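In what follows, a single structure is set out as C-alpha cells and then discussed.
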Amino acid sequence: MPPTHEVLNQPPPLAGYDLYDADPVLAEALGREGAGWAAERVRALGALAGSPEAIAWGEAADRHPPVLRTHDRYGRRVDEVEFHPAWHRLLGTAVSHGLHAAPWRDPRPGAQVARAAGFYLWSQVEAGHGCPVSMTFAAVPALRSAPELAAAWEPKLTALAYQPELAPVAAKAGALCGMAMTEKQGGSDVRANTTTAQPAGDRWMLTGHKWFCSAPMSDAFLVLAQTLASARAPAPAGLSCFLVPRVLPDGSRNRFHLQRLKDKLGNRANASAEVELDGATGWVVGEPGRGLAAILEMVNHTRLDCVVGSAALLRQAVAQATHHAAHRSAFGRRLADQPLMRNVLADLAVESEAATMLAMRVAGAFDRAAGDPAEAAFRRLATAVAKYWVCKRAPMVAAEALECLGGNGYVEESGMPRLYREAPLNSLWEGAGNINSLDVLRVLARQPEGLAALLEELAPARAAEPRLERAAAACERELAAAAADPMALQAGARRLVERLAVLLQAALLVRHGHPAVADAFCASRVAGDRGAAFGTLPPGLDLAAIVERATPKAG
Ligand SMILES: Cc1cc2nc3c(=O)[nH]c(=O)nc-3n(C[C@H](O)[C@H](O)[C@H](O)COP(=O)(O)OP(=O)(O)OC[C@H]3O[C@@H](n4cnc5c(N)ncnc54)[C@H](O)[C@@H]3O)c2cc1C
C-alpha cells in the first residue's frame with residue numbers, strides 16, 4: 001500500500017542540544033558576574049537538560065500528576081504523596097547538582113550566580129520540581145537564626161543525596177524543606193494568620209490550618225503561627241516562625257495532616273496541599289514574636305528564584321519559537337525570514353535577553369552583598385523590582401511564543417502549553433504583583449541607599465545612551481514629585497516599578513549586551529516606540545542578528 005502522505009515541513013524536535021552553548025546571554029553573564037569558574041559544570045547540566053532522556057522525564061512528570069494517600073489500608077494516617085519515577089529523576093538530578101544548596105556548601109565568590117545559572121538551565125526541563133529545590137535552598141539562611149536546629153538540619157538540607165522516603169532527620173541522607181505561611185483568610189496579609197503555637201517544654205504545639213502548602217512531601221516546613229503566652233512559659237505574643245518536621249525524632253509522624261491536593265493551574269508535576277496542624281510539634285526559629293523577620297531570609301531567596309525561574313521560562317519559550325521558525329516554511333519562505341515573524345521573534349528575544357541579564361545581575365548581588373554594603377542595598381531593591389517585572393512578562397511571552405508554533409503550539413506534546421500554564425505563577429507566589437510593588441515603595445522609603453545603589457548602576461549607561469538618560473531623568477522627576485503624596489505613590493507603584501526594571505535592564509544591555517539587542521531594547525522599551533503586543537519593534541533595527549543569536553543550534 002502506498003503511504004497516504006509524507007510528513008513535510010515539520011521541524012525536527014528541539015532535543016539533543018546543549019542549553020548552555022545555545023544561550024550566549026547566560027554564558028556571558030556567568031563570566032561577568034564572577035562565576036566563570038563554574039562554566040564547565042553549568043554546561044554539563046545544560047547538556048543533560050537538552051538530552052532526549054531528560055526531556056522525557058519532564059513530559060512524564062507532567063503526564064502523571066502526584067496522588068495523595070491520606071491513610072494506609074488499615075485506616076492509619078500516613079499523609080503521603082506518591083510521585084511518578086520521572087519526578088524523582090528530575091528532583092534527584094537537581095539535588096545531586098547542588099541546585100538546592102551549592103552556595104551554602106561552598107560559599108566562594110560567584111557561588112550564587114553559578115547555582116542560579118544551573119537552576120535556570122535545569123528548570124527549563126520541567127518547572128514544578130524547582131519549587132522544593134528553591135524552598136530548600138531558601139530555608140537554610142533562615143534556619144541559621146536557630147543554631148541548634150541548623151546544626152541538626154543544615155547538613156541534611158545541603159547534602160547532595162536525594163532520599164524521598166520520610167524518616168527522622170538523623171536517619172536521612174538528605175532532606176528537603178518547604179514553607180507554610182498562607183491561610184484561608186489571608187496570604188499576602190500573613191499577620192492575619194490564626195494558627196497558634198503553645199509552648200510545651202523545649203518545643204511548641206501548633207494548631208490551625210495552612211491553605212496553600214507546596215511540595216508537601218518535604219521533610220520539614222518553616223511555618224508561621226501566632227505564639228500564645230502561657231502562665232507556665234511566658235512568650236512574646238505575635239507571629240513566630242517554626243520548623244515543623246514531618247517525622248519526629250522518635251520516628252513517629254508529626255500531626256501534619258494533608259487534607260487534599262490543589263487542582264491548580266500551572267505545572268502538574270508538583271503537589272500543593274491544604275494542611276491541618278493538629279497539635280503538630282515545632283521548634284521556634286529566631287525570636288518568638290519576630291517570625292516575619294525570621295522567614296524574610298527565606299522569602300528573599302525564593303524571590304530570587306522566581307526571577308531566575310521566569311527568565312528560564314522566557315528563554316525556553318524563545319528557544320522553542322525560534323527553533324520552529326527556523327525550520328518551518330510558509331508562503332515560500334522560512335518563517336524566520338518572513339519580515340513580520342522576524343519582528344515577533346526579535347521582540348521576544350529582546351525580552352528574554354533582558355530578563356536573563358537582570359536575573360544574573362541580581363544573583364551576583366546575592367554573592368556580593370555580605371562584603372559590600374552598596375551591593376546589599378542594591379540586592380534588597382533590585383530583587384523586588386526584578387521579581388515584579390520579569391515574572392509579569394512571562395505569560396505574555398509564553399502566549400506569543402506559543403503562537404509562533406501555530407496549532408502545534410497549542411498541543412501538549414509541543415511543551416508550549418506547559419510553559420503557558422506555568423507562566424503566571426512566579427508573579428503570584430512570594431508576593432503577588434501589587435504586594436511586590438508595595439514592597440519596592442517600602443524599600444524606597446526606609447532604605448534610601450537602595451535607590452542610590454540602583455542609580456549608581458544606571459550612571460555609566462546613562463552617559464553612553466541618550467535615550468536611557470532621558471528616561472532615567474524623567475523617572476527621577478516622577479519619583480521626587482510622587483514622594484509628596486503617599487496615596488498617589490501607592491496607586492502608581494506598578495508604573496514606577498516597571499520603569500525602574502526597564503531602566504535596569506536597559507543599563508545592563510547598553511553596557512554588556514549585544515549591540516543590536518541593546519538598540520532594540522532602548523528604541524522600544526526605553527524610548528517607547530512600540531505597540532502593546534510583541535512584534536511591534538520599530539524599523540531600522542538589526543532584527544536578523546537578534547533572532548540568529550536567540551536560535552538554538554540543535555545537534
Ligand atoms: C502554585 C502556588 C503555590 C503556592 N505555594 C505556597 C507555599 O508553598 N506556601 C505558602 O505559604 N503559600 C503558597 N502559595 C500561596 C501564595 O503565596 C498566596 O496565594 C499569595 O501570597 C497571595 O495570597 P492570597 O492567595 O491569600 O491572596 P490575597 O492576599 O487575598 O491577595 C489577592 C490579591 O490582592 C492583592 N492585594 C493584597 N493586598 C493588597 C494591597 N494592600 N494593595 C493592593 N493589592 C493588594 C494581591 O496582590 C492579590 O493580587 C502558593 C500559591 C500558588 C498559586
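These numbers come from a predicted model, not from an experiment. First listed ligand is number 1; within each ligand, the first listed atom is number 1. For reference, positions follow the sequence shown, starting with 1.
Looking at K210 and N193, their side chains do bring a donor and an acceptor atom within 3.5 Å of each other. Side chains of W87 and H64: a donor-acceptor N/O pair is absent below 3.5 angstrom, by distance only.
For R115 and F119, the positive end sits near the middle of the six-membered ring, less than 6.0 Å away and at most 45° from its axis. Seen from the ring of W211, K262 counts as a face-on cation partner, given the 6.0 Å and 45° thresholds. A cation-pi contact, defined as under 6.0 Å to the ring centre and within 45° of the axis, is absent between R315 and Y120.
Listed by chain and residue number, the protein contacts of ligand 1 are M179, A180, M181, T182, G186, G187, S188, F212, C213, S214, K264, L425, L428, W429, A432, N434, I435, L438 (heavy atom within 4.0 angstrom).
Residues L222 and M298 share a closest heavy-atom pair of CD1-SD, 3.5 Å.
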